[in-house]
Novice: 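The structure that follows is given in the form of structure tokens.
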2 protein chains.
Amino acid sequence: MPSKPPAPITIDAVYAAPGYLFRRMQQIAVSIFMEECKAFDLTPVQYAALIAIHTHPGIDATRLSAVIAFDRSTLGSVIERLQAKDYVERKPAPEDKRIKLLYLTKSGAAILREIIPAVERAQARMLEPLKPADRKTLMGLMSQLVDLNNEASRVPLRAEDALEHLGKAG
Amino acid sequence: MPSKPPAPITIDAVYAAPGYLFRRMQQIAVSIFMEECKAFDLTPVQYAALIAIHTHPGIDATRLSAVIAFDRSTLGSVIERLQAKDYVERKPAPEDKRIKLLYLTKSGAAILREIIPAVERAQARMLEPLKPADRKTLMGLMSQLVDLNNEASRVPLRAEDALEHLGKAG
DNA sequence: CCCAGATCGTCAGTATACTGTCAATCAACA
DNA sequence: TGTTGATTGACAGTATACTGACGATCTGGG
């Protein structure tokens, strides 16, 4: 039996590749999110940041970046934008001058309540083309894969570890 | 029976949401790709562009953006970088002064041949944590989902339509 | 107490990714 | 033929996303 010839160099091979499908699905997911939430002028990342700050009031930027799996360098500008919209407040930590603690403002908490239905519509729309059973299967496999691949991308801390010193876990 | 209370506003709900899993998996996929291919200084998008130009020599930028599902505005800078590395050539189209046709250079074709094994290692690594049967299931569902959601994001043309006037299809 | 190492937020630099706009050009119809 | 409408590539503006570096600060060992 002759050895298998090298894979042909063709764009069709790309279409079936995991990397291409993940990139394309991410594009589609963002597009659907923005469409459903366009009345709120919030990006998916800004939404995740608001939710995380709501769940962990007084969190600092580094821990926040771990909780939402978001690069620390970029997070600064995300927080700035949320601050400019008056959704988030930063207060210096009394016991550590390096740290700035994050809190939702009243507006931030309010917009979070209002946007939730739109976000849920968006999440549902992403999976809508699939049969219900297939949605469950896909989400189960994606959860597994993200979890097992967690250390493959440079998120400095696992969410649970990040929260150890926040009085919320451990 | 009382109606279901509203979903709690918690970061844990985000972790199970399709949008979060797709974003996170895309991060991981890029990270793995860059790690396996770091000797070549090519991004996933640059790689896809090279493959597509190789498959369709003389394609123009607008059609290329459809073929790799990549925004036309950003594609200009991607091509510039590929040109700067001497992997891609642009020639004005004789019959239409607006259009610039894209071709691989010798270097471009060479690096494509060399990088393929690294790309295949990367693609394999993305799915490695899953059992083989689950990998197939996941890729099947992702293909379906991307295909059925295709019109949800602003890619102007389906790949096949984009190629109609290229003498390669239809 | 002092200093080496770690951590925090920030910044510079690069590369996607999208919206919207523009001039140049082409195609097609009246 | 002349003009309207569409297309092409380019650009400006915004928002992720990552690497690497920096000063300010904290912490732990000696």
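Reminder, nothing fancy here: chain letters follow the sequence lines and each chain counts from 1. Note that the coordinates shown come from a computational prediction; the quantities given were computed from them, not determined experimentally.
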Novice: What's the spacing between A/Leu104 CG and B/Ile9 CD1 if we round to 0.5 Å?
Specialist: 9.0 Å
Novice: Measure the NZ-CE distance between B/Lys38 and B/Met34 for me, rounded to the nearest 0.5 Å.
Specialist: 10.5 Å
Novice: Check the side chains of B/Gln26 and B/Arg23 for a donor-acceptor pair under 3.5 angstrom, ignoring hydrogens and angles.
Specialist: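 Short answer, no.
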Novice: As an exercise, state the distance from CE of A/Met139 to CG of A/Leu127, rounded to the nearest 0.5 Å.
Specialist: 4.5 Å
Novice: Under 3.5 Å, is there a donor-acceptor pair between the side chain of A/Ser153 and the main chain of B/Gln27?
Specialist: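 No, the answer is negative, given that no donor and acceptor are paired below the 3.5 Å cut-off.
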Novice: For DNA chain D, what residues of residues 38-49 of chain A have any heavy atom nearer than 4.0 Å?
Specialist: A/Thr43, A/Val45, A/Gln46
Novice: In B/S/- notation, 5' to 3', how is nucleotides 5-13 of chain D contacted by protein heavy atoms closer than 4.0 Å?
Specialist: --BBBSB--
Novice: Any donor and acceptor pair, going by atom type alone, linking the side chain of B/Arg135 with main-chain N or O of B/Leu130 inside 3.5 Å?
Specialist: yes
Novice: Using distance alone, with no hydrogens and no angle criterion, decide if B/Asn150 and A/Arg24 have a side-chain donor and acceptor under 3.5 Å apart.
Specialist: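 A/Arg24 and B/Asn150 do have a side-chain donor-acceptor pair below 3.5 Å.
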Novice: Just checking A/Val30: base, sugar-phosphate only, or nothing, at a heavy-atom cut-off of under 4.0 Å?
Specialist: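 Answer is nothing: A/Val30 stays at 4.0 Å or more from every strand.
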Novice: Do A/Ser73 and A/Asp71 meet the criterion of a side-chain donor-acceptor pair at a distance under 3.5 Å?
Specialist: yes
Novice: Please round to the nearest 0.5 Å and tell me the distance separating atom CD1 of B/Ile68 and atom CD1 of B/Ile53.
Specialist: 8.0 Å
Novice: So where does chain B start and stop touching DNA chain C, 5' to 3', when the test is distance under 4.0 Å to a non-hydrogen atom?
Specialist: C/dA15 to C/dC26
Novice: Measuring from A/Leu82:CG to A/Thr43:OG1, what's the distance to the nearest 0.5 Å?
Specialist: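 Reported value, rounded in 0.5 Å steps: 7.5 Å.
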